[in-house]
Amino acid sequence: MSVMHNKSKLMMTSLLISFGLSTTALASEPTTASDENYDALKSEISELRDQIAIMQELLKQQGIILQDKVEPEVSKAEIQKLKKDVKKIAKVAKSAEEWKNTNSTVHLAGYASAGFSKQAGTSGSFSQAQFSPIFHYQYKDKVLLESEIEVKILEDGSTDVGMEYLTIDLVLNDYMALIAGKFISPLGQFRQNIHPSWINKLPSAPAGFGHDQAAPVADTGVQLRGAIPMGDSDMRANYAVYVANGPELMLDGTEIEEIATEGVTRDQDGKKVYGGRVGFNPIAKMEIGLSVASGKAAIALENDRSYNVLGADFTYQWKKLDLRGEYIRQNVGVLVSSAAPESWQWSSWYMQGAYKLPNNFEAVARYSDYDSPHASQDQRQLAIGLNYLFAPQVITKVSYEFNDGLAGTSAAANRIRAQIAYGF
Amino acid sequence: MRIYKTTYFVMVLTALAIIATSPGIATAKDAKPDAKNTTEVVKDTKGNFARGAKLWANRCSSCHNMRDPKDLTDSEWEATIMHMRIRAGLSGQDTRDILVFLQKTN
């Protein structure tokens, strides 16, 4: 386009020069020139004037074309390019500022919940207010310190503070991390992955999966965990093996009242517990897990006795359906010299189905069955619930629990529960 | 009995150690472009967006509702995914893939 523009300028300049020369020539022509020559020159000048006018018009038109069509297109493209460049630069600048000279990252995660419960035959109460911050302090991609603090309000209004877990995780390579400290029990699935209120689809834990029931809660020791290489397939597998202090047995008269698995830092029997879980994902959105643990446990001031755990779990998602289930069993062996000499066993299982409904609603049903050595603790429960998701991590739940247990105990009383949970 | 269990545990640890020291397995920041690793390994240390998207959809929903990538900043995702790597037993490669996906879509 600029070449044409230059050509036009050249032509116009030539014409103007020709015109000037012609005019000069005409002015210097002697008055004695013939009328014929005069008329020819006059005609030529007129013709040149017309050509100049045409050229001027052409140039004017070209100017209009440049303004109306070419220049706006170029301008828009440039603006778009500039916008993209600015976005890129802004992101790079943000990233550079964020990570400049830092190998460490601090992050606060966690969850909180508030709840209401009403047991059949009693007046209800706003029974839950709990805050569980999780601190992450990461060094490069090699170390993670993580700790969850559980803060909750008790019935009398006092505040209970506990350390759910505290571990220092050393990433040894792509398939293994060493975890040391107090950790959530890797046995089974509910306690280590599902119990946070914003993940659990019902306001309560399945029967037998609460604290000091059939499912181990935590332990203190060291653990190796990670993924098992499976090649390029979509299959995945993971593992966790640990050695820890193990549980303590709580004596009540001539009975073992409960197995305390809160992750004590002492080891009364002096014998460790070894265990682990292997999880296998044969297809996407399905996992099957198997857990075992074995060791010794003891009542305070007594000799040790055998302690074993066996568990199996699965989870499967299909379209809007979420299915999961788990079985867990803890038992302690016979000890003749004990105040509670018999063998004792706690076991529980549950099956849960959840279905996502339109408009962010979700229906949930769960059946669980807890068998304890103590009849007053046995419980079979059917819980049905309806959830509304304000966001994927903000969930409101309403449920009704049909409970079957020893008559007259709280295990037998039906309940309605409501809860708001927020994961962050 | 105790010796048997201890031996068993040591064997398990040994097997895991063998896995841990397998060739070609390295953390992202250990791998260098000019190292004698294959090109594929070097590429993988950066994470793969497409693989990450697929893994995010398949693995994260096993336990919880999937969070919007825009919920967290790049550095927050880094710590969160590190946490999930430990908790869910993800491999280093799966972790990097998911992280790349989340950081490019947040």
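Just so it is clear: chains get the letters A, B, ... in the order the sequence lines come, proteins before strands, and each one is counted from 1.
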Which residue out of [options] racks up the most heavy-atom pairs below 4.5 Å with chain B?
options: D169(A), I395(A), N200(A), L389(A); result: D169(A)
options: T167(A), N281(A), L144(A); result: L144(A)
options: Y137(A), Y165(A), F183(A); result: Y165(A)

Query raised in the report: So which part of T95(B) gets closer than 4.5 Å to some heavy atom of chain A, the side chain, the backbone, both or neither?
Result: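 No part of T95(B) comes within 4.5 Å of chain A.
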**Report entry** Proximity breakdown for M82(B) and chain A, heavy-atom pairs closer than 4.5 Å
**Finding:**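 Contact with chain A: backbone and side chain both.
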So, for [X] and [Y], which heavy atoms are closest and what is the spacing to 0.1 Å?
X: N193(A); Y: C63(B); result: CB-SG, 3.8 Å
X: A227(A); Y: S91(B); result: CB-N, 3.5 Å
X: S61(B); Y: D322(A); result: O-OD2, 4.2 Å
X: T105(A); Y: A79(B); result: CG2-CB, 4.4 Å
X: A177(A); Y: I86(B); result: CB-CD1, 3.6 Å

Query raised in the report: So does I420(A) have more than 12 non-hydrogen atoms from other groups sitting under 6.0 Å from CD1?
Result: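 Not buried by this count: 12 neighbours or fewer within 6.0 Å.
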Query raised in the report: Hey, is CD1 on I168(A) packed in by over 12 heavy atoms from elsewhere, all under 6.0 Å?
Result: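 12 or below, so no.
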Counting N and O atoms only, with roles assigned by atom type, does the side chain of [X] sit under 3.5 Å from a partner on the main chain of [Y], one being a donor and the other an acceptor?
X: R87(B); Y: Q192(A); value: yes
X: R236(A); Y: G89(B); value: no
X: N65(B); Y: P392(A); value: yes

Query - Residue pairs involving residues 281-292 of chain A (criterion salt bridge (Lys or Arg N to Asp or Glu O under 4.0 Å); sequence neighbours excluded) - result: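 Listed by first then second residue: R277(A)-E287(A).
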Query - Rounded distance (nearest 0.5 Å) linking atom OG of S75(B) with atom CD of Q138(A) - result: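 Output value for this atom pair is 9.5 Å.
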Query raised in the report: Between CZ of F424(A) and CZ of R67(B), what distance do you get to the nearest 0.5 Å?
Result: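 It is 9.5 Å, given to the nearest 0.5 Å.
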Query raised in the report: Checking heavy atoms, do the side chain of V143(A), its backbone, both or neither come under 4.5 Å from chain B?
Result: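 When you check distances to chain B, only backbone atoms of V143(A) fall under 4.5 Å.
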Query raised in the report: Any salt bridge between R85(B) and D141(A), counting N to O under 4.0 Å?
Result: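 No, no charged N to carboxylate O under 4.0 Å.
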Query - Pairs flagged by ring pair (Phe, Tyr, Trp, His ring centres under 6.0 Å) wherever residues 70-100 of chain B is involved - sequence neighbours left out - result: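 Sorted pair list: H136(A)-H83(B).
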